[in-house]
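This one's a predicted model, so the numbers in the text were calculated from it and none came from an experiment. Here is how names work: the chains are called A, B, and so on, in the same order as the sequence lines, proteins then strands, and each is numbered from 1.
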2 protein chains.
Amino acid sequence: MDPQQLRTFVAVVDHCSFSAAAQALGYTQSAVSQHIASLETDLEAPLLTRRPVAPTQAGERLLEHARPLLLRLDAARADVARLRKVRRGRLAVACTPGALTPATTLALVRARTAAPQLKASVQVCGRTEAVQAVLTGAADLALVDGAVAPSDPLPLPDAGPLTAFPVSEEPLAVLLPATHPLAGRPALRLADLAVARWIDAPDAAVPLGQLRAAAQSDGFGHQLTYTGTDIRGLSVLVAAGAGLTTAALPAAGDLLGIAAVPIIEPRIVHRTELLHPRTPTTPAAELVDTLRAAQ
Amino acid sequence: MDPQQLRTFVAVVDHCSFSAAAQALGYTQSAVSQHIASLETDLEAPLLTRRPVAPTQAGERLLEHARPLLLRLDAARADVARLRKVRRGRLAVACTPGALTPATTLALVRARTAAPQLKASVQVCGRTEAVQAVLTGAADLALVDGAVAPSDPLPLPDAGPLTAFPVSEEPLAVLLPATHPLAGRPALRLADLAVARWIDAPDAAVPLGQLRAAAQSDGFGHQLTYTGTDIRGLSVLVAAGAGLTTAALPAAGDLLGIAAVPIIEPRIVHRTELLHPRTPTTPAAELVDTLRAAQ
DNA sequence: CCATGAGTATCAGTATTGCTGATACTCGAT
DNA sequence: ATCGAGTATCAGCAATACTGATACTCATGG
């Protein structure tokens, strides 16, 4: 079970095809076929159905491990590399869209003015990619948001050692069309919204899974899935009545045709956490210290 | 960076020697040397000092990843294997010594009487080994104890997906010699004990790190490290005045020469959690269901 | 300061592995 | 039944990953 073969396996699953995976990896189709065959004899179980190519039950099990394993391998390499490469004057931040609240953007801008020669970059992406970016060294820091009980930490995909601490916390709000019957309410209970029509926008808003966990409910069904990180686009859909979503209360002020109603029950907050490697490199380390001191 | 080389690296660190690691792995010393050299050129960093053989800073970094990676590789294999191998009539439980509280043992005995033909085994071991046993399929279930705030989950080494839920919770008590000046107290505060002499017995009692986390203190220093899982041996040392340790309050009743004083501040409990794979195999699944229903 | 020995690095040789390219096979669609 | 897109198999070659022999290095003791 070597990582090369696992990488091939993942690629085959992603491409639903041996030949396409081969092309993507720069192998011949023959090599891919042999990789899979080798894995299957090694694990003594068929991992893929052929035609259509799809993971079997055993394949699904393997997948659950293969992706984190490969990610962690990259993380290990990046972690060692961080000792050598001192990224002077450059700061890359990966960031989920909801993490750009007034408080966090202010902190970033302040860090830039404190070190004006700093070449900073902000990449907006989904939660998984943000974590991945920090682990593999593509980013120095990540800002990730989510909705949880006030004392709980954000649930993060576990694929390596990362340090996290909260940098800002706001009330969580439901986003409704301004014309919605509930739009005028001063506050709402999450349980009353479990049966509403939601938009599942895992990379642009709070994933519905986090709402379910907070409300301890099986509700929050959705017919519409929104892929991407653009909050404005999501808000247009909400305004048009395609479904509901959530956001930090203050972040919703600039969205047209949208009403943001705070959630008061259960006790839940929108929190942004800063993620960084255990030993961040300068200048990221300084920013981390500054933010931590501000807490 | 293939797993074989990582395994060699870990072995070399564990044995503090290339040749000893080679013997342990069934390689020649030459092969081990080449493995390490290959890793070092690949990562472009020296990983080990020679003579004495010890990990460098980069090596320490790699180690943090290497062990979990190797464990997870085994976990992946075990997880796939669980689909095939149905362990009929056998139930292996890995268990930390402190997890054998009245409540949990009662549950185990009850499970045995409910299924009398069941060939059960209980292996007492440390926390890491217990988690490892479940991940690699050596055990079907694990019972792990620890001391945490009432609402927190136990901190577990993260090397794969495991489901955990609490099965019993008791007050946490300090174990003191019966002759100790504090032995007569009805209750104690953890902060008052931070400067006491402790025994670090990570596999037999609550690790001092968990106490530090709960007390949010840097205290709990120790001069004596106790390796092993035998609680009675530990209690003899405590009775002789070698240092303090902690345990579940009711578990300490049968220890001679020992006084157990409950801790009332901070709010902290001794909790035992049941660990199992995401999809446990029968008959472990039935036991899990029973215990879960009892919650 | 040199001799010694325990331990690591290097090197050549060989067995094995891992890839390619060609070709045979399989299954769904027409 | 035929075709075609896609997967499996096979031989051959290049690269790799071991072993065994030997050179090297460093701490120790005389």
*Verdict with reasoning, A:M1 to A:L62, per side chain to side chain contact (heavy atoms under 4.5 Å, CB included)*: CA-CA 11 Å; A:M1 254 217 313; A:L62 185 59; 4.1 Å; yes
Just the rounded figure in Å: distance from [atom2] of [N] to [atom1] of [X].
| X | N | atom1 | atom2 | result |
| --- | --- | --- | --- | --- |
| B:I36 | C:dT10 | CD1 | C1' | 16 Å |
| B:Q34 | C:dT10 | CD | P | 10 Å |
| B:L39 | D:dA17 | CG | P | 11 Å |
| B:H35 | C:dT8 | NE2 | P | 16 Å |
| B:L47 | C:dT8 | CG | C1' | 15 Å |
| B:D2 | C:dT17 | CG | C1' | 12 Å |

query: Looking just at side-chain N and O atoms, do A:D74 and A:T136 make a donor-acceptor pair shorter than 3.5 Å?
result: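 No, A:T136 and A:D74 have no side-chain donor paired with an acceptor closer than 3.5 Å.
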query = Taking atom CD of B:Q57 as the centre, does the number of heavy atoms from other residues, nucleotides or ligands within less than 6.0 Å exceed 12?
reply =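 No.
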Going 5' to 3' through nucleotides 22-30 of chain C and flagging B where a protein heavy-atom sits under 4.0 Å of the base, S where only the sugar-phosphate is that close, and - otherwise, we get ----BB---
- Message: Run the side chain to side chain contact (heavy atoms under 4.5 Å, CB included) test against B:T229 and tell me which residues pass, sequence neighbours left out.
- Response: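 With sequence neighbours excluded, B:T229 shows a side chain to side chain contact (heavy atoms under 4.5 Å, CB included) to B:P97, B:V124, B:D203, given in chain and number order.
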message = Please enumerate all residues that pass side chain to side chain contact (heavy atoms under 4.5 Å, CB included) together with B:R51, with sequence neighbours excluded.
response =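 B:R51: no side chain to side chain contact (heavy atoms under 4.5 Å, CB included) contacts found.
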- Looking at DNA chain C, which of residues 3-27 of chain B put a heavy atom within less than 4.0 Å of it?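 The stretch gives B:S17, B:F18, B:S19 as the residues lying under 4.0 Å from the strand, ordered by number.
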Query - Partner residues of A:F220 under the ring-ring contact (aromatic ring centres under 6.0 Å, His included) criterion, sequence neighbours left out - result: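 Testing A:F220 for ring-ring contact (aromatic ring centres under 6.0 Å, His included), a comparison that skips the adjacent residues, returns A:W198.
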* Under 3.5 Å, is there a donor-acceptor pair between the side chain of B:E129 and the main chain of B:G126? ->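 Present.
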| said: Under 4.0 Å, heavy atoms only, any strand: does B:V53 hit a base, just the sugar-phosphate, or nothing? | reply: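 Result for B:V53 = sugar-phosphate.
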Review point. Tell me the side chain to side chain donor-acceptor pair (under 3.5 Å) pairs involving residues 16-28 of chain B, sequence neighbours left out?
Key: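 Passing the test, one end in residues 16-28 of chain B: B:Q4-B:Y27.
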